[in-house]
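Here's the structure we're looking at; comments come further down.
Nothing fancy with the numbering, it's 1 onward along the sequence. Keep in mind that this is a model prediction, so the values were computed, not measured.
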Amino acid sequence: MIRYLIKNNFKLMVRSITNSIMIVIAPLILIMLLSSAFNDTMSRYDNDSDIVAGYMIEGNDVSNEMIEAFVDGAKDNGVILREYYTGKPETILKDEDMGGFVIFKDDSYTIYQNNAYKEEGRALEYAVNAFYENAAAKAAGLNTDTVSLTVEHPDYMKAIDSTDYYGIIEIVYFGWCAIVCGAGIFMSEKKYRIGKKLRVSAISETKLYLAKFVPIVSAVILGNVITVFLSNVMFGVHWGNPVLSALIILFSVAAATALGLMFYNIFDNVVVTIITVFVIVWLAGFFGGSFETYMFSSHSIQIKQLSPIYHINRSLVELSCMGHSDYVISAVVYCAAIILFCSFAAVLAGSVRKRGRA
């Protein structure tokens, strides 16, 4: 019986033109528009241009002559230096999209490198080291033997272009609207009173839940596969580590479906369910980088990490541009927790309603 329900519900969803538009066509349109609109914002420095870095003076004994000599020497090595008087190096690196930052103290200096621009960071390190080795003693009278070098690497993601970024995160975002695809099932049940008939049958609430959960997840995943293929052919969107990316997408869609079914079983109203899910998904997407890239977002990391979409987006984007990500586990675990909790709540709500109408 459950296999029959799953098959019929799946056919109902696949045949829906509305589902095709939302899962396949809408993401492709947004990928095209957003990747074009934000192309300049996310573009990297031209490899042939000078490297731009920043510096700050914290030592009282650092002379103007030494700084002038350093700036001139760095320029000879293709590094343009900008002086900053306040701010944290990590924040400046992110906001100004620089390759590195130097803090001068009385007898030492600290170099901060942006991992998104490793070559630029190495060039800055070389310029600073060369200056202290070859010019510091003459320009400022410093004893170079007492100068210590500390290189720090803030946790920055390697740069990714706008096409790959939006080509990934828009598929994730629309996948979280999976419950909209299931509206056809709910409306059909309401129209023909199938739900009431099934609730008075001997079928368990868990099987009734799976009869909706499995076809919705399957249909949305099928739509995602088509979208991924078309986005690759049309725009050249690159996905990293196909196995891990597919696993994350599967868990993402399953979590979104479980969330939607939970609210549907609680409210027993299609419109209220869709509105509730839309508000939650929009907020999660807003803080998770579905609209403004999470790299440039001003929201605190603590707020971002509350959003499951942030973990999913970051893991997939980093897999695309770096081949690995520390967020893969958190994305899968977060989604698994949502699946378990929401599935349990949905079955429980359905059982309560079934007993109330028995």
Exercise for the section: Find out whether Ile168 and Asn313 are in side-chain contact, i.e. whether some heavy atom of one side chain is under 4.5 Å from a heavy atom of the other. Expected result: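 No - every pair of side-chain heavy atoms lies 4.5 Å or more apart.
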Exercise for the section: May I ask you to test the Phe291-Trp282 pair for a side-chain heavy-atom distance under 4.5 Å? Expected result: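 Yes; the side chains approach each other to less than 4.5 Å.
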[X] side chain to [Y] main-chain N or O, any donor-acceptor pair under 3.5 Å?
X: Thr257; Y: Ile216; result: no
X: Ser307; Y: Ala284; result: yes
X: Ser16; Y: Met13; result: no
X: Lys212; Y: Leu261; result: no

Exercise for the section: Test side-chain contact (heavy atoms from CB on, under 4.5 Å) on Gln305 and His311 and set out the steps. Expected result: CA-CA 7 Å; Gln305 289 181 340; His311 294 262; 3.9 Å; yes
Taking atom types as modelled, find out whether [X] and [Y] have a side-chain donor-acceptor pair closer than 3.5 angstrom.
X: Ser343; Y: Tyr209; answer: yes
X: Asn8; Y: Tyr4; answer: yes
X: His238; Y: Ser320; answer: no

Handout entry: Closest contact, heavy atoms only, Tyr294 versus Tyr165
Key =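 That closest heavy-atom pairing would be N-OH, 3.2 Å.
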Handout entry: Over all atoms of both residues, closest heavy-atom pair of Pro27 and Ile21
Key =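 Looking at all heavy atoms of both residues, the shortest contact is CD-O, 4.3 Å.
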